Protein chains: 2
Amino acid sequence: MTDLPPDPWFSTLPATRREALLARARASTAAAGARVYGLGDPPDGLWAVAGGEVRLVSYPAVGMESVAMILGPGAWFGELSVIDGGPRPHDAVVVKPARLLHVGLAAVEQVAQAHPLLYRDLGVLICSRQRSALNFMAHSIAQPIGVRLARTLAGAARSSGGAELHVRQEDLAAMIGVSRQTINKELKALERAGMVQLAYGRIVVRDAQRLRTVGEA
Amino acid sequence: MTDLPPDPWFSTLPATRREALLARARASTAAAGARVYGLGDPPDGLWAVAGGEVRLVSYPAVGMESVAMILGPGAWFGELSVIDGGPRPHDAVVVKPARLLHVGLAAVEQVAQAHPLLYRDLGVLICSRQRSALNFMAHSIAQPIGVRLARTLAGAARSSGGAELHVRQEDLAAMIGVSRQTINKELKALERAGMVQLAYGRIVVRDAQRLRTVGEA
DNA sequence: CGCCAATTGTCAATTCGGCGACAATCTGCG
DNA sequence: CGCAGATTGTCGCCGAATTGACAATTGGCG
């Protein structure tokens with residue numbers, strides 16, 4: 001079938017619910033630039049990235065972009081609106097040509113009817129989101145930019161699995177909320193310290209362990 | 001019994017689950033300064049504020065405090081660790097002498113056994129948290145401080161119900177992550193614009209509508 | 001290969017917020 | 001009332017990040 005790469009959340013689901021979801025999932029492909037859903041849309045179900053890359057982005061002001069999350073193969077998303085029925089909290093846009101799985105809202109409710117604990121599973125998924133959000137807020141406030149950058153890189157390297165991140169410095173700037181020039185300066189500092197290696201449109205994490213402990217007492 | 005003030009989340013719960021929770025809740029009182037639970041603690045169940053004030057706070061660096069949320073009468077908290085079983089993501093401290101309700105972990109699981117949809121309810125609760133977190137991240141990044149302050153005030157006025165906020169300017173500074181002096185300057189600007197009224201240890205929101213739209217195109 | 005667009009690297013001028021300091025004001029309490 | 005501690009109001013200096021500009025480098029494509 002549609003092979004879905006392993007994911008910390010999805011692979012811990014009991015097999016019955018995992019298969020129930022997959023059985024009702026429909027595969028599709030989307031070109032770079034396509035919008036899976038937009039801010040304010042009513043919920044249309046759960047999504048998963050089977051291949052390519054999807055980003056959850058907001059536009060705090062005209063001409064400004066804030067990247068909330070970068071989703072690679074295996075990642076599920078869209079659970080928030082499915083749980084509470086409210087409008088989508090941000091845009092989901094395809095950045096690299098993607099293969100997607102889609103479980104419609106009605107299908108999710110069918111699965112939930114048969115397996116009420118699915119709501120607990122979705123709760124666990126959103127808990128992990130909430131934990132990273134809290135982590136972000138607690139550690140980003142009033143921390144020097146170098147520290148924030150280091151932790152963002154360490155987190156991205158972990159969630160993407162690999163040490164080679166395909167992000168532009170401009171994307172990092174959007175995620176952390178500073179200018180590209182400042183990101184460049186801080187990245188250079190991390191490179192001099194041997195923790196990362198910079199290339200064109202690509203950053204290689206050399207020492208994730210040390211990145212995580214930048215700025216500790 | 002223990003009268004619990006109305007709350008947007010709790011009052012939308014179906015009566016059966018609401019009463020099931022209340023039936024297993026134990027009331028207690030806590031003095032200002034007491035810690036309900038601490039960062040890293042294993043989950044011990046759900047809590048509600050029946051009276052007084054509880055704050056969820058982190059300490060991003062030694063000597064620095066970040067206030068994630070201010071909880072007044074009616075507010076439930078502690079759901080994150082109850083759902084995913086993970087450690088507490090921050091401290092919960094009593095700021096004003098409080099009456100608390102506590103539903104132990106075992107009791108929550110009993111209720112969930114009888115009413116599996118409780119997990120959906122808890123999911124909805126955490127969704128509202130996640131929405132404000134996303135809102136914070138999207139709108140706080142690279143927005144002028146005056147805008148962030150205005151939105152924080154508008155949000156606090158709504159969630160607390162009243163127009164009179166009992167917060168010190170220093171608390172606002174901790175929430176937004178800037179210095180007290182800067183907060184003071186921005187508050188003065190909002191006061192000159194007639195949107196708020198400042199007093200000792202207290203801020204009266206005069207025009208929540210306009211606060212919300214500060215900084216729009 | 002050779003060009004073009006995208007991305008990175010770097011600089012100076014300027015703006016914004018932090019920090020220390022101190023006065024003014026308010027509240028609670030003896 | 002009168003005092004002490006807490007909170008607010010305001011100033012000036014300084015460091016950090018933004019902005020705008022431009023050169024250098026890289027990758028894709030005809």
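Any value given below was found using the heavy atoms of this structure, including those in side chains, with hydrogens, waters and symmetry copies removed. As the structure is a prediction and not an experimental result, all values here were calculated from the model.
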Hey, does the side chain of A/Thr182 come within less than 4.0 Å of D/dA17's phosphate (OP1/OP2), counting only N and O? no

Show me the dot-bracket string of DNA chain D, counting Watson-Crick or G-U pairs under 3.5 Å, with | for pairs to another strand and [ ] for crossing ones. ||||||||||||||||||||||||||||||

Within a strict 4.5 Å, meaning less than it, do heavy atoms of the A/Val204 and A/Arg206 side chains meet? yes

Between atom [atom1] in [X] and atom [atom2] in [N], what is the gap in whole Å?
X: B/Gln181; N: C/dC16; atom1: CD; atom2: C1'; result: 14 Å
X: B/Glu170; N: D/dA6; atom1: CD; atom2: C1'; result: 10 Å
X: B/Glu186; N: C/dC16; atom1: CD; atom2: P; result: 10 Å
X: A/Lys188; N: D/dA24; atom1: NZ; atom2: P; result: 15 Å
X: B/Arg168; N: D/dA6; atom1: CZ; atom2: C1'; result: 9 Å
X: A/Gln169; N: C/dA6; atom1: CD; atom2: P; result: 17 Å
X: A/His166; N: D/dG27; atom1: NE2; atom2: P; result: 12 Å
X: B/Asn184; N: C/dA24; atom1: CG; atom2: C1'; result: 12 Å

Whether B/Tyr37 and B/His90 hold their rings parallel, tilted or perpendicular, with breakpoints at 30° and 60°: parallel

Over 60° means perpendicular and under 30° means parallel, so tell me whether B/Trp47 and B/His102 are parallel, tilted or perpendicular. parallel

Could you check whether any side-chain N or O of [X] sits under 3.5 Å from a backbone N or O of [Y], counting only pairs where one atom can act as donor and the other as acceptor?
X: B/Glu191; Y: B/Leu198; value: yes
X: A/Ser81; Y: A/Pro87; value: yes
X: A/Arg88; Y: A/Gly78; value: yes
X: B/Arg18; Y: B/Ser11; value: yes

Is B/Arg129 salt-bridged to B/Glu79, going by a charged N under 4.0 Å from an acidic O? yes

Using a strict 4.0 Å threshold on nitrogen-to-oxygen distance, state whether A/Arg55 and A/Asp91 make a salt bridge. no

Side-chain donor or acceptor of B/Arg180 under 3.5 Å from a matching atom on the base of C/dG18? no

Please list, by residue number, the residues of residues 196-203 of chain B whose heavy atoms come closer than 4.0 Å to an atom of DNA chain C; answer none if no residue qualifies. B/Tyr200

Assign each of A/Lys185 and B/Lys185 to its nearest nucleotide of DNA chain D by heavy atoms, then name whichever residue's nucleotide is nearer the 5' end. B/Lys185

